[in-house]
Protein chains: 2
Amino acid sequence: MAVQRRNTHQRQLVLNAVLARNDHPSAEDIYLDVRNIEATISRGTVYRNLNLLEESGLISSVHVPGGNRFDWRLDNHAHAVCTSCGMLVDAPMSYSTQDDCAAEASTGFQIMSHTTVYTGLCPRCQTAQTELDGDSSTCSI
Amino acid sequence: MAVQRRNTHQRQLVLNAVLARNDHPSAEDIYLDVRNIEATISRGTVYRNLNLLEESGLISSVHVPGGNRFDWRLDNHAHAVCTSCGMLVDAPMSYSTQDDCAAEASTGFQIMSHTTVYTGLCPRCQTAQTELDGDSSTCSI
DNA sequence: GTGTTTGCAAACTTTTTGCAAACAC
DNA sequence: GTGTTTGCAAAAAGTTTGCAAACAC
């Protein structure tokens with residue numbers, strides 16, 4: 001039997017904070033946001049609620065270097081992360097559940113889903129980098 | 001100018017330890033392996049060398065929940081990770097650099113590569129799980 | 001009233017770093 | 001000899017957890 005979940009003020013604030021952001025915030029980001037509304041909330045509560053909300057399927061998360069990042073989107077979609085500043089954006093690439101089945105067949109794992117993370121430089125860090133190194137794009141247009 | 005790299009005994013041992021394993025070891029795994037040969041090596045040295053070897057393009061790594069895992073394979077390939085025990089295996093799925101260019105076009109990032117991680121239960125944990133819950137595969141055959 | 005949740009603090013895991021001594025070149 | 005690398009220890013970053021008080025139902 002599933003554990004009974006209660007609607008606490010803090011839980012609602014954490015959920016609202018995730019829903020209010022489009023930039024894939026970290027747990028710390030959410031903690032800081034919620035603390036502006038409820039000054040006495042603790043990091044522990046934020047972490048616990050982020051995990052519970054994800055288990056409940058109300059939010060999702062992406063694991064990238066630097067920590068877990070949260071997302072109000074529930075559909076499977078890819079992300080791009082900047083190696084320089086950590087900026088994380090949605091990458092509108094197609095998601096195929098057939099890939100999951102193919103991976104299931106080839107690995108013997110029972111695959112639930114997959115996540116694709118594109119790694120590179122965000123526009124701002126590209127500019128900063130280009131001024132030092134020159135352009136090094138790998139994709140011709 | 002690039003930094004001059006020296007061939008130290010410890011660096012060679014760390015590289016050899018990665019090359020010797022097929023199970024995508026963690027930094028701690030490598031530390032323990034190398035310590036069997038060079039008892040006085042420190043974790044700091046292992047971490048530093050794993051990072052340097054990756055920068056040098058001699059090894060690669062996969063970032064998964066639980067930490068960084070290392071791989072002697074240098075070609076881009078997908079992985080499957082077990083949510084229960086953390087087992088990490090290669091997933092022989094096709095890798096398309098065209099996806100990188102598509103993501104570059106849609107995000108504005110300068111994409112270097114992408115990593116795909118399939119998430120699910122490894123065969124062993126499936127068996128353990130099925131005994132409790134019954135089969136819950138999502139892929140029909 | 002019962003059982004979940006909170007805030008706090010401590011602990012934990014993984015990784016990085018400052019420093020003086022040791023080493024590679 | 002010069003500059004990199006090492007071992008050590010401390011610290012950092014991110015996250016989890018034990019506990020008693022507070023709260024939701």
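By convention in this document, chain letters (A, B, ...) are assigned in the order of the sequence lines, proteins followed by strands, and residues within each chain are numbered from 1.
If you take OH of B/Tyr47 and C1' of D/dA11, they are 14 Å apart, rounded to a whole angstrom. With rounding to whole Å, A/Arg43 atom CZ is found 15 Å from C/dA11 atom C1'. Atom-to-atom, NE2 of B/His63 to P of C/dT14 comes out at 12 Å; the value is rounded to the nearest Å. The nearest whole Å value for the distance from the CG atom in A/Asn49 to the C1' atom in C/dT4 is 11 Å. Regarding A/Arg48, its CZ atom lies at a distance of 15 Å from the P atom of D/dT15, rounded to whole Å. Between A/Leu52 atom CG and D/dT17 atom P the separation is 12 Å, expressed in whole Å. Atom C1' of nucleotide D/dC23 and atom CD of A/Gln12 are separated by 16 Å, given to the nearest angstrom. Put simply, CG on B/Asn68 is 8 Å from P on C/dT16, counting in whole angstrom units.
Using a 4.0 Å cut-off between a side-chain N of Lys or Arg and a carboxylate O of Asp or Glu, A/Arg5 and A/Glu55 qualify as a salt bridge.
For B/Ser42, no side-chain nitrogen or oxygen approaches OP1 or OP2 of D/dC8 to under 4.0 Å. For the pair A/Thr8 and D/dA24, the criterion of a side-chain N or O lying under 4.0 Å from OP1 or OP2 is not met. Within the 4.0 Å cut-off from OP1 or OP2 of D/dG7, at least one side-chain nitrogen or oxygen of B/Gln10 is found.
Contact annotation for B/Arg11: backbone-only contact, meaning every heavy-atom pair under 4.0 Å involves sugar-phosphate atoms and none involves a base. Residue B/Ser26 is out of contact with every strand shown, counting any heavy-atom pair closer than 4.0 Å. As judged by a 4.0 angstrom heavy-atom cut-off over every strand, B/Gly44 is placed among the base-contacting residues.
Looking at which nucleotide of DNA chain C each of B/Arg69 and A/His9 is closest to, the 5′-most match is held by A/His9.
Under the 3.5 Å distance criterion, the side-chain polar atoms of B/Ser60 are left unmatched by any main-chain donor or acceptor of B/Leu74.
Base pairing annotation: D/dA10 forms a Watson-Crick or G-U wobble pair with C/dT16, both donor-acceptor distances under 3.5 Å. For D/dA22, the paired nucleotide is C/dT4, the pair qualifying as Watson-Crick or G-U wobble because both relevant distances are below 3.5 Å.
Classified by interplanar angle (parallel below 30°, tilted 30° to 60°, perpendicular above 60°), the ring pair B/His114/B/Tyr95 is parallel.
In this structure, the side chains of B/Phe70 and B/Leu50 come closer than 4.5 Å at one or more pairs of heavy atoms.
Of the N and O atoms on the side chains of A/Thr45 and A/Gln10, not one donor lies less than 3.5 Å from an acceptor on the other residue.
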